[in-house]
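Inspection log for the structure reproduced underneath, given as structure tokens.
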Amino acid sequence: GTKKKEIAVRDDLRGRRLLETIVHELTHAFDWKADEESVDGFADCVSRLLFSKEILQRVLDDDAVRNLSTKPANVDTKAGRVDGVDIDPT
């Protein structure tokens, strides 16, 4: 059968550490065979880029961001989907 993936992130994480953790866990979900050192390096690199002031300003300066709902993401772990997006590539 198909493995269902669930990503849990601590509620107290904020800022770049939150981004790094999400990227790290999504990378494992996408490629569970990836070694921890590679996943750590990738998550660090992506989170540093996404958390830069220029990138954050450009992301936040968008109508789509201003219109985002404040409700939590709809996570369906049984279907492997977040807000209707499939997170299970298999």
Side-chain angles (χ1 to χ4, degrees):
T2 302
K3 283 187 178 182
K4 299 300 176 194
K5 296 172 175 66
E6 182 176 6
I7 296 172
V9 178
R10 290 187 353 228
D11 290 341
D12 63 325
L13 292 178
R14 298 289 183 270
R16 193 178 76 77
R17 186 70 180 124
L18 173 62
L19 270 176
E20 183 177 355
T21 300
I22 291 169
V23 171
H24 181 105
E25 296 307 326
L26 282 172
T27 303
H28 279 305
F30 184 78
D31 183 5
W32 58 270
K33 294 178 188 175
D35 65 272
E36 196 67 19
E37 185 176 341
S38 296
V39 172
D40 281 345
F42 179 72
D44 179 65
C45 179
V46 171
S47 67
R48 284 179 190 276
L49 170 68
L50 294 178
F51 203 68
S52 68
K53 186 174 181 177
E54 177 187 357
I55 297 298
L56 286 174
Q57 285 175 333
R58 290 170 63 186
V59 167
L60 294 173
D61 185 27
D62 185 271
D63 288 339
V65 172
R66 287 184 281 279
N67 296 326
L68 284 175
S69 170
T70 57
K71 69 179 183 176
N74 179 16
V75 179
D76 183 347
T77 57
K78 289 184 181 176
R81 299 173 71 78
V82 175
D83 281 341
V85 176
D86 192 355
I87 61 169
D88 186 356
T90 57

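Basis for what follows: all heavy atoms, side chains included, without hydrogens, waters or symmetry-related copies.
- Around atom CG of D11, no more than 12 heavy atoms belonging to other residues, nucleotides or ligands sit under 6.0 Å away.
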Worked check of side chain to side chain contact (heavy atoms under 4.5 Å, CB included) between R16 and D44:
CA-CA 9 Å; R16 193 178 76 77; D44 179 65; 3.3 Å; yes
Residue pair H28, E36: steps toward the side chain to side chain contact (heavy atoms under 4.5 Å, CB included) verdict
CA-CA 9 Å; H28 279 305; E36 196 67 19; 3.0 Å; yes
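- Taken to the nearest 0.5 Å, the CD1 atom of I22 stands 10.5 Å off from the CG atom of L50.
- Under the 4.5 Å side-chain contact rule for hydrophobic residues, V39 and F30 do not share a cluster.
- A43 and V23 get closest at one heavy-atom pair: CA-CG1, 3.6 Å.
- The two atoms that bring V59 and D62 nearest to each other are O-CB, 3.5 Å, heavy atoms only.
- Taking CZ of F42 as the start and OG1 of T27 as the end, the distance is 5.0 Å to the nearest 0.5 Å.
- Here the OG1 atom belonging to T21 is positioned 11.0 Å from the CG atom belonging to L26, to the nearest 0.5 angstrom.
- Between R66 and D63 there is a salt bridge, with a side-chain nitrogen of the basic residue lying less than 4.0 Å from a carboxylate oxygen of the acidic one.
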